[in-house]
K.L.:
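Can you keep this structure in mind? I'll have questions shortly.
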Amino acid sequence: MWNAIVMALLWVPWMAALVVSPTSRTFAWWTRLWARITLAGIGVRVQVQRPVSWPPEGAVVYVANHQAMLDVPVAALGIGAPFVYVARSELRRLPLVAGLLRQSLSVFIERDAPRAALSALAEAGGRLRGGHSVLFYPEGTRSYGGALGAFNSGGFRLAEREGVPVVPIAIEGAWRVLNEQTRMGRPGVVTVCV
């Protein structure tokens, strides 16, 4: 509920900023603002461990585990560098989210349609060539717990094909502070290791 209120309040200026400057940098600035407000509102602190030399030079493929919906704002704060999402196509049905993702240069991927997924990966390759890093959740869905699911290879193949590094992101604790069934968060700490 809190997230929906924050999203609704920020949506118009966020979209306006993306219309004027549709870049990963603009998207990242607004996404981090939304993430800070959302996480503070439910009492979630993000502990981040990153390399000394951060952010990376040039575009990269970020890959992160996916425990809960909370991983989206947590990743935005934890990565701390501009990127766009490779998001599941079902998010196109959420009007506020879909508009932001479309305008941000994010890519929608059809998880169960191999030909469409290849097209989305080609589009993500274009983002990398344009200097925009991309974030994949290679498990393809949330795990709803601490266990790590099997990874799909699309993000890794894309990085290899485009000649860019893969930067792994480990998120721990998101599933403990967000009840996915009630969509209610509780105070706690989520750790992000880059």
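No experiment lies behind these values; they were computed from the predicted model shown.
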K.L.:
State the OG-CD1 distance between Ser89 and Ile109, to the nearest 0.5 angstrom.
P.N.:
9.0 Å
K.L.:
Please table the atom pairs, donor to acceptor, closer than 3.5 Å between any side-chain atom in residues 74-83 and protein atoms at least two apart or in another chain.
P.N.:
none

K.L.:
Could you pull out all residues at least two apart from Arg157 that satisfy side chain to side chain donor-acceptor pair (under 3.5 Å)?
P.N.:
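For Arg157, the residues satisfying side chain to side chain donor-acceptor pair (under 3.5 Å) (neighbours in sequence not counted) are Ser153.
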K.L.:
What is the distance from atom CG of Leu91 to atom CZ of Arg102, rounded to the nearest 0.5 Å?
P.N.:
10.5 Å
K.L.:
Do you know which two heavy atoms are closest between Phe136 and Gly154, and how far apart they sit?
P.N.:
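Looking at all heavy atoms of both residues, the closest pair is CE2-C, 4.4 Å.
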K.L.:
Kindly work out whether a path of hydrophobic side-chain contacts (I/L/V/M/F/W/Y, heavy atoms less than 4.5 Å apart) joins Val189 to Ile42.
P.N.:
no
K.L.:
Is the shortest heavy-atom distance from the side chain of Val190 to the side chain of Val177 under 4.5 Å?
P.N.:
yes
K.L.:
Could you go through Glu172 and Gln67, starting from their C-alpha distance and side-chain angles, then the distance that decides it, and tell me whether this counts as side chain to side chain contact (heavy atoms under 4.5 Å, CB included)?
P.N.:
CA-CA 8 Å; Glu172 176 53 43; Gln67 299 178 338; 3.4 Å; yes
K.L.:
Could you go through the side chain to side chain contact (heavy atoms under 4.5 Å, CB included) check for Tyr62 and Val166 one step at a time?
P.N.:
CA-CA 6 Å; Tyr62 296 108; Val166 172; over 6 Å; no
K.L.:
Between Thr38 (side chain only) and Ala35 (backbone N and O only), is there a donor and an acceptor less than 3.5 Å apart?
P.N.:
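No, Thr38 side chain to Ala35 backbone: no donor-acceptor pair under 3.5 Å.
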K.L.:
Minimum heavy-atom separation for Val84 to Ser24, with atom names?
P.N.:
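In terms of heavy atoms, the two residues are closest at CG1-CB, 3.9 Å.
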K.L.:
Kindly indicate whether the side chain of Val46, heavy atoms from C-beta on, has any atom under 4.5 Å from the side chain of Leu39.
P.N.:
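A side-chain contact under 4.5 Å exists here.
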K.L.:
Could you pull out all residues at least two apart from Glu160 that satisfy side chain to side chain donor-acceptor pair (under 3.5 Å)?
P.N.:
none
K.L.:
The test is side chain to side chain contact (heavy atoms under 4.5 Å, CB included); show your working for Phe27 and Leu101 and say whether it passes.
P.N.:
CA-CA 9 Å; Phe27 182 63; Leu101 289 174; 4.0 Å; yes
K.L.:
Any donor-acceptor pair under 3.5 Å linking the side chain of Arg186 with the backbone of Arg176?
P.N.:
yes
K.L.:
Checking Arg127 side chain against Ser133 main chain: does a donor-acceptor pair fall under 3.5 Å?
P.N.:
no
K.L.:
For Ala64, give me all partners under side chain to side chain contact (heavy atoms under 4.5 Å, CB included), at least two apart in sequence or on another chain.
P.N.:
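Here the qualifying residues are Leu135, Tyr137, Ile169, Ile171.
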K.L.:
Decide whether Val12 and Leu33 are clustered together by the hydrophobic rule: side chain heavy atoms of Ile, Leu, Val, Met, Phe, Trp, Tyr closer than 4.5 Å, transitively.
P.N.:
yes
K.L.:
Calculate, to the nearest 0.5 Å, the distance between atoms CG and CD belonging to Asp71 and Glu139 respectively.
P.N.:
8.5 Å
K.L.:
Start with the C-alpha distance between Leu100 and Trp14, add both sets of side-chain angles, then the distance that settles side chain to side chain contact (heavy atoms under 4.5 Å, CB included), and finish with yes or no.
P.N.:
CA-CA 8 Å; Leu100 290 170; Trp14 196 348; 3.5 Å; yes
K.L.:
What is the distance from atom CD of Glu123 to atom CG of Leu118, rounded to the nearest 0.5 Å?
P.N.:
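If we round to the nearest 0.5 Å, Glu123:CD and Leu118:CG are 13.0 Å apart.
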K.L.:
Considering non-hydrogen atoms only, spot the tightest contact between Pro138 and Phe156 and give its length.
P.N.:
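Closest approach of Pro138 to Phe156: CB-CE1, 4.1 Å.
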K.L.:
Given side chains that start at C-beta, do those of Ser104 and Trp30 come closer than 4.5 Å, heavy atoms only?
P.N.:
no
K.L.:
Which residues satisfy the side chain to side chain contact (heavy atoms under 4.5 Å, CB included) test with Gln49, sequence neighbours excluded?
P.N.:
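Side chain to side chain contact (heavy atoms under 4.5 Å, CB included) list for Gln49, sorted by chain: Thr191, Cys193.
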K.L.:
So, for Ala59 and Gly131, which heavy atoms are closest and what is the spacing to 0.1 Å?
P.N.:
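Reported closest heavy-atom pair: CB-C, 3.9 Å.
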K.L.:
Is a side-chain donor or acceptor of Tyr85 paired with a backbone partner of Val72 at a separation under 3.5 angstrom?
P.N.:
yes
K.L.:
Please enumerate all residues that pass side chain to side chain contact (heavy atoms under 4.5 Å, CB included) together with Ser21, with sequence neighbours excluded.
P.N.:
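Only Thr23, Thr26 meet the side chain to side chain contact (heavy atoms under 4.5 Å, CB included) criterion with Ser21.
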K.L.:
Which atom names give the shortest non-hydrogen contact between Val61 and Val164, and what distance separates them?
P.N.:
CG2-CG2, 3.9 Å
